[in-house]
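Report on the structure given below.
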Protein chains: 4
Amino acid sequence: MGGSTFGTLFRVTTWGESHGPAVGVVIDGCPPRLPIAIEEIQRELDRRRPGQSAITTQRRETDEVEILSGLHEGLTQGTPIAMMVRNQDARGGDYEEMRDKFRPSHADFTYQAKYGIRAWQGGGRASARETIGRVAAGVVARKVLAAVGGAGVPFDIVAYVKRVQNLEADVDPASVTTAAVDSNIVRCPDAAVAARMIDLIGEARKAGDSLGGVVEAVARGVPVGLGEPVFDKLDADLAKAMLSLPAAKGFEIGSGFAGTFLTGSQHNDPFYNAGGGHVRTRTNRSGGVQGGISNGEDVVLRVAFKPTATILREQQTVDVNGQDTTIKARGRHDPCVLPRAVPMVEAMMALVLADHLLRQRGQCG
Amino acid sequence: MGGSTFGTLFRVTTWGESHGPAVGVVIDGCPPRLPIAIEEIQRELDRRRPGQSAITTQRRETDEVEILSGLHEGLTQGTPIAMMVRNQDARGGDYEEMRDKFRPSHADFTYQAKYGIRAWQGGGRASARETIGRVAAGVVARKVLAAVGGAGVPFDIVAYVKRVQNLEADVDPASVTTAAVDSNIVRCPDAAVAARMIDLIGEARKAGDSLGGVVEAVARGVPVGLGEPVFDKLDADLAKAMLSLPAAKGFEIGSGFAGTFLTGSQHNDPFYNAGGGHVRTRTNRSGGVQGGISNGEDVVLRVAFKPTATILREQQTVDVNGQDTTIKARGRHDPCVLPRAVPMVEAMMALVLADHLLRQRGQCG
Amino acid sequence: MGGSTFGTLFRVTTWGESHGPAVGVVIDGCPPRLPIAIEEIQRELDRRRPGQSAITTQRRETDEVEILSGLHEGLTQGTPIAMMVRNQDARGGDYEEMRDKFRPSHADFTYQAKYGIRAWQGGGRASARETIGRVAAGVVARKVLAAVGGAGVPFDIVAYVKRVQNLEADVDPASVTTAAVDSNIVRCPDAAVAARMIDLIGEARKAGDSLGGVVEAVARGVPVGLGEPVFDKLDADLAKAMLSLPAAKGFEIGSGFAGTFLTGSQHNDPFYNAGGGHVRTRTNRSGGVQGGISNGEDVVLRVAFKPTATILREQQTVDVNGQDTTIKARGRHDPCVLPRAVPMVEAMMALVLADHLLRQRGQCG
Amino acid sequence: MGGSTFGTLFRVTTWGESHGPAVGVVIDGCPPRLPIAIEEIQRELDRRRPGQSAITTQRRETDEVEILSGLHEGLTQGTPIAMMVRNQDARGGDYEEMRDKFRPSHADFTYQAKYGIRAWQGGGRASARETIGRVAAGVVARKVLAAVGGAGVPFDIVAYVKRVQNLEADVDPASVTTAAVDSNIVRCPDAAVAARMIDLIGEARKAGDSLGGVVEAVARGVPVGLGEPVFDKLDADLAKAMLSLPAAKGFEIGSGFAGTFLTGSQHNDPFYNAGGGHVRTRTNRSGGVQGGISNGEDVVLRVAFKPTATILREQQTVDVNGQDTTIKARGRHDPCVLPRAVPMVEAMMALVLADHLLRQRGQCG
């Protein structure tokens with residue numbers, strides 16, 4: 001597996017730099033005969049687009065997607081689906097200073113150290129623009145899950161901003177809707193807290209600073225049996241998927257870190273006969289995964305995103321020759337990545353689940 | 001990649017069930033001409049062995065390892081290294097009740113649902129006995145890292161129990177030693193807190209209950225440049241590695257979830273010229289990884305382990321026919337997995353780093 | 001994928017050297033609930049066992065297989081199946097001369113050059129003993145194919161010796177049986193030619209020389225639709241599988257090299273309506289594969305095996321210091337690998353087909 | 001690994017259909033800091049372009065390549081290199097009849113059977129247009145080999161038409177040059193035979209028929225030690241690479257099928273001290289590979305290509321409902337694929353060698 005490819009059967013390869021000609025994705029192994037409308041892809045790309053609101057980066061990109069292969073008369077063919085978005089508003093000039101200096105806690109230094117070369121404009125491959133391909137692929141993955149997926153509850157994924165710095169929302173994963181999430185620009189379905197989050201992010205922006213927080217996500221209608229012990233456990237692959245997102249620093253599933261304060265007798269999820277041949281659990285501290293395999297309950301996870309590394313304040317750093325200097329970023333940056341991280345988290349969750357759905361079907365029928 | 005294989009170039013495949021004839025591991029892609037003594041493998045297996053102390057399960061296994069291939073006159077040959085441990089004290093009878101009932105929050109139900117069959121004795125493949133292969137392979141991975149690895153600081157990995165329930169230790173990752181970790185049976189290098197942890201675990205055991213907590217780990221001397229964006233980021237693969245361990249529910253690197261309460265200007269790690277051609281950071285909130293690539297600082301991570309699911313108390317559950325019932329586990333179980341998780345966390349960290357070291361050498365020379 | 005692992009979903013990893021403690025295999029990704037009897041494995045291992053007849057090597061190995069994991073009450077569990085055979089009659093002393101000299105056209109030189117070390121006794125990992133794991137895994141693969149596989153014709157694989165040096169057998173792939181193949185020690189179902197082959201091999205042995213030839217194989221009852229364009233075409237993976245066998249130098253499917261002497265109008269296989277909803281072809285120059293995907297006709301292939309490199313005659317070579325010298329092999333060697341290659345070819349064919357069956361089910365349902 | 005991805009470290013993913021918007025490739029894992037000029041890519045694409053001569057298909061495509069990512073100021077960055085060619089002269093109308101009928105021995109039937117859908121215009125994904133991505137990637141692979149590769153002889157790959165039907169050329173692999181190959185439109189460096197081949201192909205075209213033959217290829221300057229036993233042997237991966245090309249039906253390395261008529265004493269390649277620390281072989285029946293690992297001699301292989309399946313004659317077939325019918329292809333087709341297969345074979349050889357070079361560096365340094 002190369003570093004730019006994700007998945008075993010439903011396989012996604014992204015390519016492209018922030019300030020290169022384009023960014024894109026190739027999906028290999030998609031089941032045939034699924035209907036895909038370009039508008040569905042575009043709608044999701046618009047959710048992660050820069051410049052979509054007052055609290056995101058003001059880079060202006062329409063992020064118009066082109067589907068280059070893999071569809072025949074609106075249906076997937078089972079062959080690779082290639083999609084591409086041209087970069088338009090790439091102002092490399094904003095990054096002139098970064099040609100010679102490393103932004104603290106960004107990828108500038110490590111890319112240079114690893115490859116001995118880097119596209120210094122806009123972070124190159126480390127830019128969040130890379131996630132365009134993931135989000136586009138996530139739409140296809142959801143189609144797979146909807147078409148092939150579990151019985152009972154219809155399949156659905158909803159992510160939302162759970163916390164910005166110390167402002168934490170009250171959200172019920174079992175019932176939250178995408179409509180509620182998208183009802184405000186910070187993508188927090190708790191309207192009262194959302195308003196305060198928006199103010200807080202606005203203040204950070206004015207101060208040339210940035211904020212972090214937590215995105216929570218739920219997948220409902222996940223079939224029982226997804227996940228491949230012992231290394232490709234469902235939660236292990238979800239953890240990898242989430243930590244592969246820019247600025248992610250932590251992951252937890254179900255009770256997560258908080259669950260470690262409980263005893264086993266407090267923490268265990270009792271099974272019960274839910275009728276109709278269904279076994280369910282009274283609580284869901286497992287977050288829908290037991291022994292690395294989905295148990296049919298909601299899959300609930302949380303991802304910690306650090307405050308954006310690029311800030312408009314002077315910071316100490318070194319130049320490409322290793323000499324001490326200072327840097328004050330220009331360019332257009334998100335003061336808080338969380339609102340735009342919501343569709344990314346959803347996409348990665350869909351990629352993991354779709355891949356495991358096909359793997360389970362392959363091995364176990 | 002199959003579910004029982006981990007890694008791209010340094011590849012580890014484990015096999016075996018808790019109550020089957022044996023458990024083992026095959027390592028493929030190991031560099032040649034590394035000296036491996038069976039005693040080194042055995043020493044590390046002894047650290048994860050059951051029955052090693054009063055606060056672990058009392059299952060008696062000597063866990064004596066046999067090396068079946070891949071060595072020639074004490075040196076690795078570059079060919080697959082196969083290692084095996086026979087199961088000895090496998091008392092399937094203790095699990096008779098589990099033939100028909102699912103333990104809450106264990107893997108019994110999901111294995112049955114996924115495969116339509118399961119080795120009900122001792123959790124089968126979901127047992128912590130599976131990690132014997134990982135720990136044995138971890139010793140070989142450390143050899144790779146020591147031989148090929150970074151300049152300057154010698155390569156080293158140290159994990160330790162950071163917290164049991166609400167008892168948190170005060171440990172400096174930069175200086176902690178394995179000797180300090182192994183100086184007590186709970187593997188917490190803060191002696192005062194360790195004593196209280198041991199008491200707390202003892203109480204839980206007496207109560208037929210179990211505890212969770214957090215293991216912290218540090219890798220020192222990691223070369224700059226390890227990690228393969230955008231999906232196989234070093235922290236992404238570490239997250240997957242840790243979540244693949246039994247009972248793991250959360251992962252964080254560097255500042256992790258706590259870092260989300262800071263602003264960017266508080267959180268960023270300033271670079272400085274450390275002399276001798278080395279660039280370093282004043283703080284290490286990045287946990288040694290920036291943009292998914294190691295930056296030469298200590299790699300520091302934490303893993304949340306839930307309280308052991310198998311407890312000696314009556315719990316509500318269902319039987320294999322989906323009917324409501326109760327279960328009260330027998331068998332020999334760890335009241336707290338953390339002391340034995342320490343060598344597992346170290347092993348998984350070594351596997352990730354060794355694999356990425358070879359990948360980096362392959363691509364970038 | 002590591003060099004000792006084969007397959008994407010049905011994945012086989014072999015390990016072990018000729019003169020090490022043991023050789024073995026781990027199968028990951030096997031569908032659950034298939035019945036496997038150890039006797040079935042053993043029967044097939046006996047077909048490839050050394051010392052089975054006057055025309056094979058006289059090394060005495062019982063090749064008794066032990067199943068170490070993955071079965072529960074005689075059924076596969078979906079977890080890794082580990083199998084092992086202890087080496088018994090390993091006379092390293094016969095190879096003393098090879099410690100310092102390279103056998104011409106064997107793997108001694110290249111292993112030393114690649115790894116800087118080698119197990120010089122008996123060819124180490126390059127020995128045909130490595131194929132024990134493949135043959136054992138092939139039995140399991142056939143179970144997968146029989147259980148999951150195609151409609152209509154029952155699934156079957158039959159390989160046989162088609163040619164030894166210039167003695168070519170007349171065999172109909174459509175009707176050949178394993179019973180006919182195993183009716184003589186050279187495994188050629190054309191009895192008259194088989195007798196002459198046996199004589200010819202006997203003469204070569206007496207002369208301290210060796211012979212090559214061609215094994216042909218047919219798979220019947222292969223479902224339509226197996227093979228993953230554009231790189232993992234069914235014939236491409238079969239070609240790789242066969243060339244991975246010791247001493248293989250060529251591969252062809254269907255009309256192969258001979259078909260290149262025909263024109264398109266002579267070569268094309270006309271389709272016709274065979275009734276019952278089946279489309280078939282009048283001829284089978286395609287060898288059951290078109291565009292890299294099985295078309296439901298018999299899959300027919302041929303593999304060229306060179307004359308055994310190890311011969312009991314003096315040959316020119318160099319020593320480990322690169323100095324000119326001569327070598328005259330001792331040890332026990334097959335004067336012609338073809339009779340024992342028959343079960344190996346069958347096994348590799350089964351591994352490829354089983355893997356593609358699961359992949360097809362994963363992607364296309 | 002998905003079916004459209006090839007390689008372990010140097011990984012190539014192709015996408016695109018014959019009559020879709022475009023075809024392309026993504027290369028992941030390329031070493032950084034290699035100079036790549038778009039003209040070099042274009043030059044090689046021109047060698048495989050349709051319409052390049054009187055004996056190829058007359059489809060008019062300029063096949064102008066666009067590099068979309070992975071380069072920075074003319075150097076590879078170590079990030080994915082995406083390249084694309086727009087389809088221009090796609091006359092879907094020529095294929096109207098194929099919407100409902102399957103061409104004999106083409107991929108129409110098997111794609112329909114596998115996926116339940118197919119892009120019937122021009123063969124869709126099974127078209128030779130898919131190989132554009134391979135050829136473009138091959139140029140990059142050669143850069144890797146030239147930069148990183150072996151000592152002594154400079155690295156070089158040359159393929160050529162060895163035989164068309166029964167017209168066989170006399171060519172010395174050790175000395176053949178690309179200039180000689182490209183000196184005529186059939187790409188056969190034996191000028192006298194080339195002229196006759198051109199005539200023969202012209203006759204077949206007039207007759208609405210097609211021809212097959214053999215391409216031979218040599219790689220010179222291959223470092224010792226490439227190839228990963230036991231499954232990813234160098235010759236095994238070469239066999240897979242070649243059989244993955246459209247119309248390939250056979251593969252042989254070194255002495256191949258012909259070598260099976262020799263005895264071991266005739267066939268073995270004696271080693272000798274060639275001075276300067278080099279060990280060489282007197283003959284090269286091994287084709288540069290022993291035990292699956294390169295030995296430093298020229299790697300020589302041959303690929304059998306069947307006569308083009310699409311011919312302009314009436315043939316018996318079935319329609320999509322399985323009913324007997326006839327078909328007479330229209331459209332523009334190669335009467336013999338071999339001249340255009342030459343750059344494809346070279347590209348696949350380069351991909352295999354570059355990948356194994358990086359793998360060897362990764363494992364063995």
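As a basis for the values below, the full set of heavy atoms in this structure was taken, side chains included, without hydrogen atoms, waters or symmetry mates. Every chain is numbered from 1, with letters handed out A, B, ... down the list of sequences.
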Honestly, the part of V289(D) sitting under 4.5 Å from a heavy atom of chain C is backbone
Okay, I311(D) and chain C: the region with an atom under 4.5 Å from a heavy atom over there is side chain
Cationic N near anionic O, under 4.0 Å, R280(C) to E297(C)
yes
Whatever's closer than 4.5 Å to a heavy atom in chain C on F257(D) counts as both
From the list G213(D), C364(D), A247(D), the residue making the most non-hydrogen contacts under 4.5 Å with chain C is G213(D)
Review point. Taking everything shown except E168(D) itself, do over 12 heavy atoms lie less than 6.0 Å from its CD?
Key: yes
Under 4.5 Å to a heavy atom of chain C? For S286(D) that would be both
Can you classify the ring geometry of F109(D) versus F102(D) as parallel (below 30°), tilted (30 to 60°) or perpendicular (above 60°)?
perpendicular
Cut-off 4.5 Å, heavy atoms of chain D, and the answer for V318(C) is both
Okay, R103(D) and chain C: the region with an atom under 4.5 Å from a heavy atom over there is backbone
So, the part of L245(D) with a heavy atom under 4.5 Å from chain C: the answer is backbone
Short N-O contact, K240(D) and D232(C), less than 4.0 angstrom
yes
Whatever's closer than 4.5 Å to a heavy atom in chain C on Q323(D) counts as both
Okay, S294(D) and chain C: the region with an atom under 4.5 Å from a heavy atom over there is backbone
If you measure from the Lys or Arg side-chain nitrogens to the Asp or Glu carboxylate oxygens, is any gap between E228(D) and K114(C) under 4.0 Å? yes
Turns out that what part of V214(D) lies under 4.5 Å from chain C's heavy atoms comes down to side chain
Cationic N near anionic O, under 4.0 Å, D209(D) to R313(D) | yes
Honestly, the part of Q315(D) sitting under 4.5 Å from a heavy atom of chain C is side chain
Looking only at G291(C), A248(C), P307(C), the option with the highest number of non-hydrogen pairs under 4.5 Å against chain D is P307(C)
Check: Is T308(C) reaching over with its side chain to a backbone N or O of D334(C), donor-acceptor style, under 3.5 angstrom?
Finding: yes
Bottom line for A309(D): the part with an atom under 4.5 Å from chain C's heavy atoms is both
If one checks every heavy atom of Q363(D) against chain C at 4.5 Å, the contacting part turns out to be side chain
Highest number of heavy-atom pairs under 4.5 Å with chain C among G287(D), G250(D), G212(D), P335(D) belongs to G250(D)
Chain D shares the most heavy-atom pairs under 4.5 Å, among R163(C), Q112(C), E130(C), with R163(C)
Between D269(D) and the options N284(D), N295(D), T281(D), T283(D), the side-chain hydrogen bond (donor to acceptor under 3.5 Å, both in side chains) test singles out T283(D)
If one checks every heavy atom of M348(C) against chain D at 4.5 Å, the contacting part turns out to be side chain
message = Salt bridge check, R302(C) against E252(C): does any charged N sit closer than 4.0 Å to a carboxylate O?
response = yes
Rounded to the nearest 0.5 Å, the OG1 atom of T8(C) sits from the CG atom of D237(C) at a distance of 7.0 Å
Checked G322(C), A113(C), G296(C), G116(C) vs chain D; the most non-hydrogen pairs under 4.5 Å come from G322(C)
Under 4.5 Å to a heavy atom of chain C? For R125(D) that would be both
